Amino acid sequence: MPMLQPSKKNGFLGGGDGRVLDLDTAVKDGVLGGVGAGGLGTGVVEKLDLNKMIEELNLSEVPSVFICPISLEPMTDPVTLCTGQTYEKSNILKWLGMGHYTCPTTMQELWDDMLTPNKTLYQLICTWFSQQYVQMKKRSEDAQGRTSELLTILKKVKGQARIQTLKELHQLVDNHSTARTAVVDEGGVTVLTSLLGPFTSYAVGSEVIAILVNLTLCSDSKANLMQPSKVSSVIDVLNEGSIDAKLNCVRLIEILMDDKGFRAESLSSHSLLVALMRLIRDKRHPNGHLPGLALLKSVSIHNELQSLILNIGAAPQLVELIPFLNPECIELTLFTLDALSSTSQGKQALKDCPKTIPTMVKLLMRISEICTGHALSILLSVCKLAPEECSLVAVEAGLAAKLLLVIQSGCRQILKQQAAELLKLCSLNYSDTMFISKCKLTRTIQ
Amino acid sequence: MGSVCCTQQHRRADSDEIEQTAEIEDRIERESKAEEHIQKLLLLGSSDSGKSTIFKQIKLLFQNGFDDAELKNYIPVIHANIYQTIKILFDGSKELSQSFSDRSRFHVSDENKEIGERLSEIGSRLEFPYLTSEIADEIETLWQDSAIQETLSCCNKLQVPDCAHYYIENLQRLSNPGYIPTKEDVLYARVQTTGVVEIQFSPVRENKRSGEVYRLFDVGGQRNEKRKWIHLFEGVTAVIFCAAINEYDQTLLENETNRLMETKELFEWVLKQPCFEKTSFMLFLNKFDLFEEKVLKVPLNVCEWFQDYQPASSGKQEIEHAYEFVKKKFEELYFRSTSPDCVDRVFKIYRTNALDQKLVKKTFKLVHETLRRRNLFEAGLL
């Protein structure tokens with residue numbers, strides 16, 4: 001039977017005769033289930049704050065013996081009960097404080113309420129996390145060094161080599177925040193931006209955009225990217241790219257719009273809106289709908305761009321899309337249509353689409369107050385354009401009953417006013433009795 | 001017995017025939033399958049838009065270029081261009097000296113007048129003599145005359161070909177007895193395309209041959225030849241539409257219509273053709289180098305399509321600004337002329353200078369990439 005030799009070497013357990021493993025070796029060799037080998041020499045462990053390390057590392061695979069059975073989180077102050085089970089001190093105190101006098105895992109009744117600090121386990125946890133931390137720091141530094149190298153290479157190479165460099169840079173920037181800062185600090189943004197232009201191939205363009213999206217861009221960089229030829233490159237990728245590339249483009253455009261110096265005319269491109277509508281209507285990739293609609297909403301706020309949206313026939317397409325969208329998307333779509341309905345061209349387009357009125361009527365009081373508000377606003381705009389014709393259609397679609405619901409509901413005052421206005425507008429064409437019969441609530445609404 | 005022999009012979013003949021027919025049908029099937037894989041590109045555009053130059057460039061880039069015999073074939077064309085140019089300029093100077101108030105500008109000096117008359121007479125013949133050094137010297141002298149230079153500056157009213165400067169600069173070389181045209185000389189040569197010309201090629205990618213095969217068609221650009229294009233319209237993969245953007249202040253050969261308006265009309269017409277519903281459109285805004293030179297001197301507003309143009313700055317920035325404006329106009333036109341269900345077709349705009357081989361190569365690489373991605377997309381692989 002191996003004898004434990006008290007040893008002052010290494011500051012931890014065990015000596016050097018090989019029968020008892022010292023802590024670092026035990027962790028390094030994975031005896032305790034440590035993830036990833038190598039790294040640290042013996043004894044040189046920084047006394048870093050354990051909580052800080054755990055939080056920063058945010059690892060998903062921590063050895064199970066380090067996890068508190070109550071919170072399922074790594075323990076920072078392990079204590080052991082008389083049953084031999086170990087818990088995080090604050091958690092077990094809470095448990096006992098609630099009046100339970102049992103061991104949570106074994107369900108045994110406690111014969112002793114003593115909480116013994118599990119020093120061994122604590123030291124194991126500290127060492128293990130320290131190792132992981134140091135490894136991560138090293139990887140980050142490596143990432144930073146490699147990023148600098150890649151940026152230098154990028155300035156010189158062309159063709160396939162350029163594409164490979166960009167791909168590697170993309171990987172680094174995706175995984176390491178140090179890489180991201182390195183790119184920004186070393187003028188990488190300018191280098192990347194210079195790669196976008198009228199002769200950018202798809203392969204290069206999509207990688208550059210994928211990298212840029214991860215970085216924090218200063219105002220100057222954003223202004224630089226808003227140059228027409230570069231915006232064209234982004235729009236090209238948005239038009240032709242894979243779904244991931246398209247999503248990156250959408251994000252990048254949003255980043256660029258989020259700047260004080262942003263001018264809407266730099267985005268006044270039919271191709272952009274066509275590409276956006278294509279993304280929104282792509283049934284094969286539903287994950288593109290929400291980002292696409294969000295960007296469309298941001299675009300529709302700008303007056304200069306509204307006519308472009310209407311020119312490509314987006315209004316009827318959006319109306320016809322609504323039945324297939326989830327509530328969040330519907331809200332964005334309604335916002336856009338509402339914004340468009342403020343122009344005369346928009347009103348006309350909405351009126352010309354036969355599905356507008358029935359769809360809007362259906363949406364009243366269906367999803368949310370905001371949606372109802374937009375639907376009301378759109379209905380008002382359309383019906384005011386051609387009161388007789390539209391109110392007929394609207395009433396046939398069951399508008400009257402819905403409006404009554406709005407008025408009687410707890411919605412904001414302004415919505416009730418709008419509903420009342422619309423009701424009055426529609427009732428002008430009917431005799432009283434006819435109108436009241438139209439107001440009869442159908443069973444579903446009841 | 002004889003009859004049996006006869007029937008046997010018949011049967012053998014029959015079976016031979018059947019075999020032959022089967023073989024022919026087999027070949028037809030194989031060739032049609034091969035045809036399907038050939039992607040057809042159609043070069044369209046109004047006259048003088050640079051279609052044929054692009055055609056020549058593709059030949060130089062992806063085929064074996066021109067051999068000596070083909071190069072020599074261009075000598076009469078080049079000489080003809082020179083004669084035509086100087087004739088146009090001389091006749092133009094005479095015309096302008098009659099219609100302009102300060103006629104002295106356009107008065108050719110007396111010695112040169114004689115040369116001018118002679119050259120003009122040569123230029124009006126159907127066949128031209130070989131350009132000798134003596135004639136070349138005379139042309140050069142005439143060219144130096146201030147009146148001719150003045151006429152040149154008003155050249156938007158005349159039909160001076162764009163190759164004028166280039167050929168005059170190289171007159172000595174071109175008039176050498178043993179002259180063999182260079183690639184560049186051939187690219188500048190201006191001859192009206194009649195009928196249809198086609199070449200088949202495979203884009204060479206970094207010294208490897210990729211699998212795609214393209215067949216490029218070049219058609220005549222003059223207005224009276226458009227009907228010849230019609231039977232080609234079915235099934236093309238892409239239309240490469242060339243528009244020379246420097247011609248916004250020039251008029252047509254046939255009448256007084258502004259050239260760029262003519263291009264605009266043609267583009268609109270082509271976009272609306274039902275046979276092009278699924279066709280990709282590559283718009284080449286060509287002659288960018290000439291556009292660059294012109295746009296700072298002649299405002300864009302002289303063309304009624306661009307009358308709402310506002311210059312924003314000066315120098316290089318202004319050139320970019322003007323180019324973006326023109327590009328946007330074409331984009332607008334495209335989307336106006338495209339019905340909502342055709343909006344899915346590929347539409348890209350490229351800035352080109354058809355005489356610059358490197359640029360054409362880069363541009364074509366991008367076109368090729370786009371078409372490949374489109375194919376993958378349509379096959380559901382993207």
Side-chain angles (χ1 to χ4, degrees), chain A residues 158-161 163 197-206 226-233 235-237 239-246 263 265-279 281-282 284-285 307-318 320 349 352-353, chain B residues 205-208 280-281 283-285 288 310 312 317 320-353 358-377 380-382:
Chain A
K158 289 197 185 174
Q160 270 303 107
I163 299 176
F199 294 104
T200 309
S201 66
Y202 171 77
V204 169
S206 55
M226 286 304 262
Q227 280 174 61
S229 56
K230 306 199 189 283
V231 173
S232 293
S233 304
I235 295 176
D236 277 344
V237 176
N239 252 307
E240 302 180 349
S242 62
I243 182 69
D244 289 325
K246 288 188 190 185
R263 281 162 41 247
E265 15 183 281
S266 26
L267 286 188
S268 75
S269 150
H270 286 101
S271 308
L272 168 64
L273 296 163
V274 167
L276 213 49
M277 284 308 294
R278 199 180 294 147
L279 178 65
R281 293 157 78 205
D282 186 353
R284 281 189 300 170
H285 301 111
S307 56
L308 283 182
I309 303 179
L310 291 162
N311 282 345
I312 59 167
Q317 287 171 0
L318 288 171
E320 285 172 22
D352 290 338
C353 169
Chain B
R205 219 183 97 119
E206 311 204 323
N207 301 325
K208 283 183 292 188
S280 306
F281 271 83
L283 176 62
F284 281 17
L285 294 182
F288 182 72
Q310 301 274 359
Q317 266 200 346
E320 283 300 322
H321 186 246
Y323 173 73
E324 285 300 321
F325 179 82
V326 170
K327 187 166 163 222
K328 213 157 255 177
K329 281 286 181 185
F330 272 97
E331 237 188 46
E332 252 174 45
L333 180 59
Y334 172 80
F335 284 104
R336 257 211 314 271
S337 319
T338 306
S339 67
D341 35 296
C342 292
V343 155
D344 250 344
R345 63 185 171 189
V346 175
F347 173 63
K348 292 186 81 166
I349 304 184
Y350 300 92
R351 171 202 300 198
T352 52
N353 169 12
K358 272 213 189 107
L359 208 68
V360 173
K361 186 170 184 189
K362 261 201 273 192
T363 309
F364 192 77
K365 246 174 84 175
L366 293 175
V367 169
H368 176 54
E369 194 188 44
T370 304
L371 290 175
R372 262 172 92 216
R373 290 190 65 79
R374 184 68 184 179
N375 281 341
L376 289 173
F377 175 76
L381 295 168
L382 212 58

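Proteins get letters first, then strands, A, B, ... in listed order; numbering begins at 1 in each. Atom set for the values below is all heavy atoms of this structure, side chains included, hydrogens, waters and symmetry mates excluded. Keep in mind the model is a prediction, meaning the values are calculated, not measured.
Of the listed residues A/Ser269, A/Gly313, A/Ser271, A/Ala275, the one with more heavy-atom pairs under 4.5 angstrom with chain B than any other is A/Ser271. Heavy-atom pairs under 4.5 Å with chain B peak, among A/Ile312, A/Val274, A/Ile243, at A/Val274.
Only the side chain of A/Asp236 comes within contact range of chain B, judged by heavy atoms closer than 4.5 Å. Residue contact with chain A, scored on non-hydrogen atoms closer than 4.5 Å, is absent for B/Glu320.
Contact check on A/Glu320 versus A/Arg281 returns no salt bridge, with no Lys/Arg side-chain nitrogen under 4.0 Å from an Asp/Glu carboxylate oxygen.
With sequence neighbours excluded, the residues satisfying salt bridge (charged side-chain N to carboxylate O under 4.0 Å, His left out) with B/Lys329 are B/Asp308. Listed by chain and residue number, B/Lys327 satisfy the side chain to side chain donor-acceptor pair (under 3.5 Å) test with A/Ser232 (two or more places apart in sequence, or in another chain).
Under the 30°/60° scheme for interplanar angles, the aromatic rings of B/Phe347 and B/Tyr334 are found to lie parallel.
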